[in-house]
Amino acid sequence: MPKETAQAEYASIVDKLGGRTQSPSTSSSSASGSVQSPSAATGGDLVSCVEDKGFVVRFNRPAKKNSITLEMYETMIGYLKEAAERDDIHYLALTGTGDFFSSGNDLGNFMNRLKTGLPPDVLAKEAAELVRRYVAAFINFPKPAVALVNGPSIGVSCTVLGLFDFIYASDKAFFHTPFTLLGLNPEGCSSYTFPRAMGVARANRVLMLNQQLSAQEAKSCGFITDVFPHATFHEETKKRLQELAKLPPKSLQYSKALVRDPIWADLHKANDKECDRLTERFVSQEAMQAVMNFFKDKGKL
């Protein structure tokens, strides 16, 4: 069908599915509306606290498999800024509530933005720019960043892990980036970080052929730091954070800077290239058809 007709049909389908269907994990969409100040936020879909000298952020939508809303993307950017600027914070830790670390993007993001009536190409540019800012905030974060992957990590929640300094996973976790299934492309600098961490051959299987990695496979190929039994995951990771809290904070920051500085520009370059391609992919016929096929296969159409 003509592109304009396809876009209208896609919007109609997303509108019909929104509110009763979980999204397949993809990149984020653009943000709208004001977001509560990070330091004032005490509850909600993305919560934070200070513990053991760390700024601990938690995806907090267990009923939705910790899928990420527009507001959560913006709030995370604010959290990273706050954690970087506070002298009492030595590191960042990110984890999830319940069985999932995060299932990636929430379908409601697309539905809500499509309802605004803005042209699809404008929405695509906004979406890609939010991804760019979100990923850049992790690239620029100057203190140690620790991911406590308590369960499955899918889509954008997986790709940004390549920007973390330490990744501890439950043995129930797995890692999945199903972008080509959805007609999209890698983001979160994964086109750069994944080949460096796990080798080109495995990265191609993960990013292009949608191969899942178990926690043990992710450790074996060098993508994550360590794996712990799910029953003792909280206790084991708490020990690691307490050990990190005892180290001199400036020494940690300078050490990270020395490791990160040689690739800092390359990370931003990869982020820009990925987001430029996402601008095209978000409104491509391939992406729209892939999403429709996904829901047809699930019996939702």
Would Lys239 and Glu235 count as a salt bridge (charged side-chain N to carboxylate O under 4.0 Å, His left out) here? Give the steps. CA-CA 6 Å; Lys239 291 177 185 177; Glu235 291 77 12; over 6 Å; no
Checking Arg86 against Val50 for the side chain to side chain contact (heavy atoms under 4.5 Å, CB included) test, could you report, in this order, the C-alpha distance in whole Å, the side-chain angles of both residues, the deciding distance, and whether it holds? CA-CA 11 Å; Arg86 286 179 56 169; Val50 176; 3.6 Å; yes
Assess the residue pair Arg196 and Ile263 against the criterion (side chain to side chain contact (heavy atoms under 4.5 Å, CB included)); give the C-alpha distance rounded to whole Å, side-chain angles, the decisive distance to 0.1 Å, and a yes or no. CA-CA 11 Å; Arg196 291 181 83 246; Ile263 62 171; 3.7 Å; yes
Show your working on side chain to side chain contact (heavy atoms under 4.5 Å, CB included) between Lys246 and Lys53 and close with a plain yes or no. CA-CA 9 Å; Lys246 294 176 183 177; Lys53 301 180 182 179; over 6 Å; no
Decide salt bridge (charged side-chain N to carboxylate O under 4.0 Å, His left out) for Arg277 and Glu274; before the verdict, give the C-alpha distance in whole Å, the side-chain angles of both, and the deciding distance to 0.1 Å. CA-CA 5 Å; Arg277 179 52 59 192; Glu274 291 170 352; over 6 Å; no
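In this structure, the side chain of Ser170 engages the main chain of Lys172 through a donor-acceptor pair within 3.5 Å. Judged by distance alone, the side chain of Arg202 and the main-chain N or O of Ala218 form no donor-acceptor pair under 3.5 Å. Without hydrogens or angle criteria, Thr193 side chain to Gly162 main chain gives no donor-acceptor distance under 3.5 Å.
We find that Arg132 and Glu129 are joined by a salt bridge, their nearest charged nitrogen and carboxylate oxygen being less than 4.0 Å apart. Of the charged side-chain nitrogens involved, at least one lies within less than 4.0 Å of a carboxylate oxygen, so that Asp52 and Lys238 count as a salt-bridged pair.
Separation of atoms CD (Glu280) and CG (Leu184) is listed at 10.0 Å; rounding is to 0.5 Å. Here the CG atom belonging to Asn105 is positioned 10.5 Å from the CG atom belonging to Leu182, to the nearest 0.5 angstrom. One finds the CG atom of Leu92 at 10.0 Å from the NZ atom of Lys143 (value rounded to the nearest 0.5 Å). In this structure, CE in Met198 is found 9.0 Å from OG in Ser190, a value given to the nearest 0.5 Å. Summarising the geometry, atom OG1 belonging to Thr225 is positioned 9.0 Å from atom CG belonging to Asp165; distances are rounded to the nearest 0.5 Å. To the nearest 0.5 Å, atoms CD (Glu286) and CG (Asn185) are separated by 11.0 Å.
Hydrophobic clustering, with ILVMFWY side chains joined whenever heavy atoms are under 4.5 angstrom apart, keeps Val259 apart from Ile167. Connection of Leu181 to Val283 is not established within any shared hydrophobic cluster, with ILVMFWY side chains joined at heavy-atom distances below 4.5 Å, either directly or through further cluster members. Val122 and Phe282 are members of different hydrophobic clusters when ILVMFWY side chains are connected at heavy-atom separations under 4.5 Å. Under a hydrophobic-cluster definition in which Ile, Leu, Val, Met, Phe, Trp and Tyr are linked whenever side-chain heavy atoms come within less than 4.5 Å, directly or via other members, Val56 and Leu161 are assigned to different clusters.
The closest side-chain heavy-atom distance from Lys269 to Tyr192 is not below 4.5 Å. Using a 4.5 Å heavy-atom threshold, the side chains of Arg61 and Ser67 count as touching. Considering only heavy atoms from C-beta on, Leu94 comes within 4.5 Å of Met76 through its side chain. Contact of the Arg281 side chain with the Ser284 side chain is registered, since non-hydrogen atoms from C-beta on lie closer than 4.5 Å. Using a 4.5 Å heavy-atom cutoff, the side chains of Tyr73 and Ile77 are not in contact. Within the 4.5 Å cutoff, side-chain heavy atoms of Phe194 are placed close to those of Cys158. Residues Val135 and Leu163 form a side-chain contact, since some pair of their non-hydrogen atoms from C-beta on lies under 4.5 Å apart. With contacts defined as side-chain heavy-atom distances shorter than 4.5 Å, the pair Lys64/Asp45 does not qualify.
Residues Thr69 and Asp106 have side chains that never bring a donor and an acceptor to within less than 3.5 angstrom of each other. For the 3.5 Å distance criterion, the side chains of Asn210 and Thr180 qualify, holding a donor opposite an acceptor. Between the side chains of Asn140 and His268, a donor-acceptor pair is found at a separation under 3.5 Å.
Across all non-hydrogen atoms, the minimal contact from Cys189 to Ile139 is SG-CD1, 3.6 Å. When all heavy atoms are compared, the tightest approach of Ala173 to Gly151 is CB-O, 3.4 Å. Taking all atoms of both residues into account, the shortest heavy-atom contact from Ile224 to Ala169 is CD1-CB, 3.7 Å. Nearest approach of Ala215 to Asp171, heavy atoms of both residues: CB-CA, 4.2 Å. Nearest heavy-atom pair, Glu217 versus Gln212, reported as atom, atom and distance to 0.1 Å: OE1-O, 3.8 Å. Across all their heavy atoms, Phe55 and Ser48 have their closest contact at CE2-CB, 3.7 Å.
The only member of Asn60, Asn150, Asn66 that meets side chain to side chain donor-acceptor pair (under 3.5 Å) when paired with Thr97 is Asn60. Phe164 pairs in a ring-ring contact (aromatic ring centres under 6.0 Å, His included) with only one of the listed residues (Phe138, Phe223, Phe141), which is Phe138.
Heavy atoms from other residues, nucleotides or ligands lying under 6.0 Å from NZ of Lys219 number more than 12. The number of heavy atoms from other shown groups lying within 6.0 Å of NZ (Lys256) is above 12.
Chaining together hydrophobic side chains whose heavy atoms lie under 4.5 Å apart places Leu241 alongside Tyr91, Val146, Leu148, Phe166, Tyr168, Phe228, Phe233, Leu244, Leu247, Leu252.
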